[in-house]
Amino acid sequence: MKSTNNKPDSGSNDEKKPASESGTVSTANFIREIIKNEIQDGKLNGKIITRFPPEPNGYLHIGHAKAICINFGLAREFQGECHLRFDDTNPSKEETEYIEAIKRDVKWLGFEWGEHLYYASGYFEQMYLWAIELIKAGKAYVDDLTAEKIREYRGTLTEAGKESPYRNRSVEENLDLFKRMRNGEFPDGSRVLRAKIDMAHPNMNMRDPVMYRIMNAAHHRTGTEWKIYPMYDWAHGLEDSIENVTHSLCSLEFEDHRPLYDWFLEQLNIHHPRQIEFARLNLTYTVMSKRKLLQLVKGGYVSGWDDPRMPTLSGFRRRGYTPEAIRSFCERIGVAKRDSIVDYALLEHCLREDLNKRALRAMAVLNPIKIVIENYPSDKVEYLEAVNNPEDETAGKRMVPFSKIIYIEQADFMEEPPKKFFRLAPGREVRLRYAYFITCNEVIKDPDTGNIVELRCIYDPQTRGGWAPDGRSPKATIHWVSAQHAIDAEVRLYGQLFSKEDPDDAPDGDFLSNLNQKSLEILSGCKLEPDLKKAMPGNRYQFERIGYFCVDNDSSPQKLIFNRTATLRDEWAKIAKKAKEKR
RNA sequence: UGGGGCGUCGACAAGUGGCAAGUCACGAGGUUUUGGUCCUCGCAUUCGGAGGUUCGAAUCCUUCCGCCCCAGCCA
């Protein structure tokens, strides 16, 4: 940050104030600046009102989280309000199931709309009245052209369109026809109501856009009351206006709809919110379009909208992500107008940052290998003290049982260790976390397959708790679980759903061909420390030295199931990878 | 070759005429009973290119180049 010395009028102290998330700082963004300036100039009498207007035709994804954080976040920051409004203007695509899911997800993310829950369909009557007003003013007309003809008459990007032969009907005829459209006297698609603007306008959106179409479909809220439904461009500004929205924040592709947004509000001379556009979120290794997400669900490529590999909020929730991590991510990526693709690593960083501080630690062996400690009494059990979270003293301590036979991770032993491998190997001593130093004596293999079935070790009784009286300290500390006390669990290892940074980078844009075949690996017979018996669905843990895991919804006391939320950063994996690349 | 936007480090992103913030990633060290965390250091003589204005330009002007969006009775 620049020095602000000797600049009494500098506002830069406000530029970086702590955000709602501890540890993150909000940087300037152009929308925040606009609002700040408007307040300063006294343009905003009263509070700001924003809105998050999802169409209930799919589940919310991380891209929506950005929009939610911007809209609800700005409202919170400036002591305004943010409305949750369902933009339910197309009954053929929308379902109640989605409404409930959307509400749940917004709440989960940590935002409240209070009494400000609205539906576009709640404004249908008012919109209808305003349409009549436009017709009376000679600014809207009923068109009998077919959809194909309308397209034809619209012209192209480089050629002007031509006017419909129905464009100059009398106000009376338009009024009559429009009322009869509403009454259901005409079949679907036979007529539309159009704004009368300019068929030669360089902006295609201004070439007499359709305001209403006839649809004989049951609406999830209004039933069969309506036979005509408003189009987005006509409806959206009206919805914002009715709710006294001050800032209508939307994504970039609506930029050239803004003249139309403004035009309707001007013609009607009603409250006129300001539309501001920002770039939507793109993430590496992720598809974000509703169509593609729906395709993944319907095609059975994932287990559902809440599959932990999905970028949906319900997917992230099930995966073990915290709302705090997602909010912190949304603050860090900023708000701007340029198209961008955010590195997935940033999201993972936000997750780890949050979970590192909060998740209880536990020891879990995912791929067990048995160790017999030869010099440890076979009937002895010791309870050793372990720290629950080194980042949080208040998390306390627990006692972990230790005995003659334990499991360690297969990856923590190598018969012929390469140069920088510090873990267990024949003749080498390592520390068992919170327990003892052990040295490997013997490797026992299956005579037929040659696979290692068991390791024979001896322990040093002088090193209880992990400290040696002579001060020596092994290079590696590994985790373990006592065999007789271990509980079994299934662990689901999730990775990226797509194997390419840009899933759409495929011949014919077939993103499905970039599906990562190894995005899910299911491990059974994993050995967990007994303390994990009490874990309930949704609980998150750090399995030490492995990663963050949470109990899946499918889990039960009879069958524990954990999902891997994210791995820990892994220095050794990097070294091993580099060595492999060298070869 | 119509209209609307956008080009600042590998990825995000501040910067609004006074001499290129921050974060992630990456690299090098240190601490460590998690190869985790944490700490330190490094990482754009240059802002899509070329001209110009100016004492001074990422910021202003000209011009060129590149990328995104728009021809649903979807939102």
Side-chain angles (χ1 to χ4, degrees), chain A residues 1-2 15-16 24-25 27-29 33 53-55 57 87 89-90 92-93 143 145-147 150-152 154-161 188-194 201-207 210-215 228-229 231-233 235-236 250-259 277 279 284 290 332-350 352-353 356-357 361 363 386-387 390-391 420-423 431-435 437 465-467 473-479 501 542-547 567-575:
Chain A
M1 187 170 171
K2 280 181 196 164
E15 284 170 17
K16 285 190 176 181
T24 68
V25 154
T27 77
N29 76 54
E33 291 310 303
E55 183 188 12
N57 69 344
D87 208 0
T89 57
N90 186 348
S92 68
K93 296 169 123 184
D143 196 348
L145 248 30
T146 62
I150 286 182
R151 192 188 319 126
E152 217 177 292
R154 188 151 33 221
T156 69
L157 294 178
T158 51
E159 300 161 51
D188 280 16
S190 57
R191 279 175 236 261
V192 293
L193 183 73
R194 291 229 255 172
H201 200 108
N203 181 343
M204 299 287 284
N205 295 306
M206 301 298 270
R207 321 242 261 229
V210 173
M211 295 164 63
Y212 278 97
R213 73 281 215 191
I214 299 171
M215 279 179 117
I228 54 172
Y229 290 92
M231 298 287 292
Y232 170 87
D233 284 311
H236 205 84
C250 61
S251 43
L252 248 31
E253 69 268 29
F254 292 103
E255 208 144 20
D256 44 14
H257 291 242
R258 192 173 62 228
E277 310 83 12
T284 56
K290 278 188 192 173
R332 280 172 196 245
I333 57 176
V335 183
K337 294 193 71 155
R338 73 181 82 109
D339 294 310
S340 59
I341 304 169
V342 178
D343 206 330
Y344 197 94
L346 181 58
L347 214 208
E348 278 200 315
H349 167 81
C350 293
R352 292 192 186 111
E353 180 180 60
N356 175 51
K357 281 180 294 193
R361 313 290 133 120
M363 292 199 283
V387 174
E391 306 292 319
K420 287 175 181 165
F421 184 87
F422 305 142
R423 282 110 94 148
R431 169 164 40 223
L432 294 177
R433 180 140 230 228
Y434 300 126
F437 295 178
W467 302 99
S473 183
K475 273 252 198 186
T477 299
I478 64 175
H479 63 278
E501 273 200 21
Q542 184 200 95
F543 289 172
E544 293 211 44
R545 304 207 308 130
I546 304 177
T567 62
L568 248 32
R569 291 185 66 202
D570 188 348
E571 199 65 30
W572 165 242
K574 275 187 204 171
I575 294 169

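Given the structure is predicted, the values throughout are model-derived calculations rather than measurements. Just so we're on the same page: letters track the sequence lines, and every chain starts at 1.
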Dump the pairs, protein N or O against N or O of nucleotides 67-70 of chain B, anything under 3.5 Å, distances to one decimal.
{"unit_1": "B:rC68", "atom_1": "O2'", "unit_2": "A:Asp339", "atom_2": "OD2", "d": "3.2"}

Given atom [atom1] of [X] and atom [atom2] of [N], what is their separation to the nearest angstrom?
X	N	atom1	atom2	value
A:Gln542	B:rC38	CD	P	12 Å
A:Arg423	B:rG35	CZ	P	7 Å
A:Asp343	B:rC12	CG	P	8 Å
A:Arg352	B:rC38	CZ	P	11 Å
A:His236	B:rA75	NE2	C1'	9 Å
A:Tyr434	B:rU34	OH	C1'	8 Å
A:Arg258	B:rG4	CZ	C1'	9 Å
A:His349	B:rU37	NE2	C1'	12 Å

**Study point:** Nearest-nucleotide 5' precedence on RNA chain B, A:Glu255 against A:Gly334
**Key:**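 Nearest-nucleotide comparison on RNA chain B picks A:Glu255.
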Practice item. Would you kindly compare A:Ala279 and A:Arg431 by the position of their nearest RNA chain B nucleotide and give the one closer to the 5′ end? Key: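 Mapping each residue to its closest nucleotide by heavy atoms, the 5'-most match is A:Ala279.
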Practice item. Give the B/S/- string for nucleotides 27-32 of chain B, one per nucleotide from 5' to 3', where a protein heavy atom under 4.0 Å of the base yields B, of only the sugar-phosphate yields S, and otherwise -. Key: S-----
Review point. Are any side-chain N or O atoms of A:Asp256 and backbone N or O atoms of A:Asn203, one a donor and one an acceptor, separated by less than 3.5 Å?
Key: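 Judged by distance alone, no pair lies under 3.5 Å.
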Review point. Would you say A:Thr284's side chain and A:Tyr344's backbone share a donor-acceptor pair under 3.5 angstrom?
Key: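 Yes; at least one donor-acceptor contact below 3.5 Å.
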Would you state whether a donor and an acceptor, one from the side chain of [X] and one from the base of [N], lie under 3.5 Å apart?
X	N	value
A:Arg361	B:rU34	yes
A:Glu501	B:rG10	no
A:Arg569	B:rG35	no

Base, sugar-phosphate alone, or nothing: which one does [X] contact when heavy atoms must sit under 4.0 Å apart?
X	result
A:Glu544	base
A:Met231	sugar-phosphate
A:Ile575	base
A:Thr89	sugar-phosphate
A:Leu145	base

Review point. Which of these nucleotides, B:rA75, B:rG72, B:rG2, is closest to any side-chain atom of A:Arg151?
Key: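 Selected nucleotide (nearest to the side chain): B:rG72.
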Practice item. Please step through salt bridge (charged side-chain N to carboxylate O under 4.0 Å, His left out) for the pair A:Lys93 and A:Glu55, ending with a clear verdict. Key: CA-CA 9 Å; A:Lys93 296 169 123 184; A:Glu55 183 188 12; 5.1 Å; no
Both distances under 3.5 Å, Watson-Crick or G-U wobble: report the partner of [N], or none.
N	value
B:rC24	B:rG10
B:rU34	none
B:rU53	none
B:rG72	none

Practice item. Provide the distance between the two P atoms, one in B:rA13 and one in B:rC24, to the nearest whole Å. Key: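 My reading of the P atoms in B:rA13 and B:rC24 gives 16 Å.
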Check your understanding: For atom P, what is the distance between B:rC9 and B:rG48, given to the nearest Å?
Key ->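 Here B:rC9 and B:rG48 have their P atoms 8 Å from each other.
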Exercise for review: Determine the minimum heavy-atom distance between A:Met231 and A:Tyr212, stating which atoms define it.
Suggested key: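 Distance-wise, the nearest heavy atoms are CG-N, 4.3 Å.
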Review point. Where is the tightest heavy-atom contact between A:Thr156 and A:Arg207, given as atom of each residue plus distance?
Key: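 So the minimum-distance heavy-atom pair works out to O-NH2, 2.7 Å.
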Exercise for review: Identify whether the glycosidic angle of B:rG72 places it syn (within 90° of 0) or anti.
Suggested key: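 It is syn.
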Review point. Roughly how far, to the nearest 0.5 Å, is CZ of A:Arg569 from NZ of A:Lys574?
Key: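 Reported value, rounded in 0.5 Å steps: 5.0 Å.
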Exercise for review: Applying side-chain contact (heavy atoms from CB on, under 4.5 Å), run through A:Arg352 and A:Thr567 and close with a yes or a no.
Suggested key: CA-CA 9 Å; A:Arg352 292 192 186 111; A:Thr567 62; 3.6 Å; yes
Exercise for review: Identify whether a stacking contact exists between A:Tyr232 and B:rA75, where the ring centres must be under 5.5 Å apart and the planes under 30° apart.
Suggested key: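 The base of B:rA75 is not stacked with A:Tyr232 (the test needs centres under 5.5 Å and planes under 30°).
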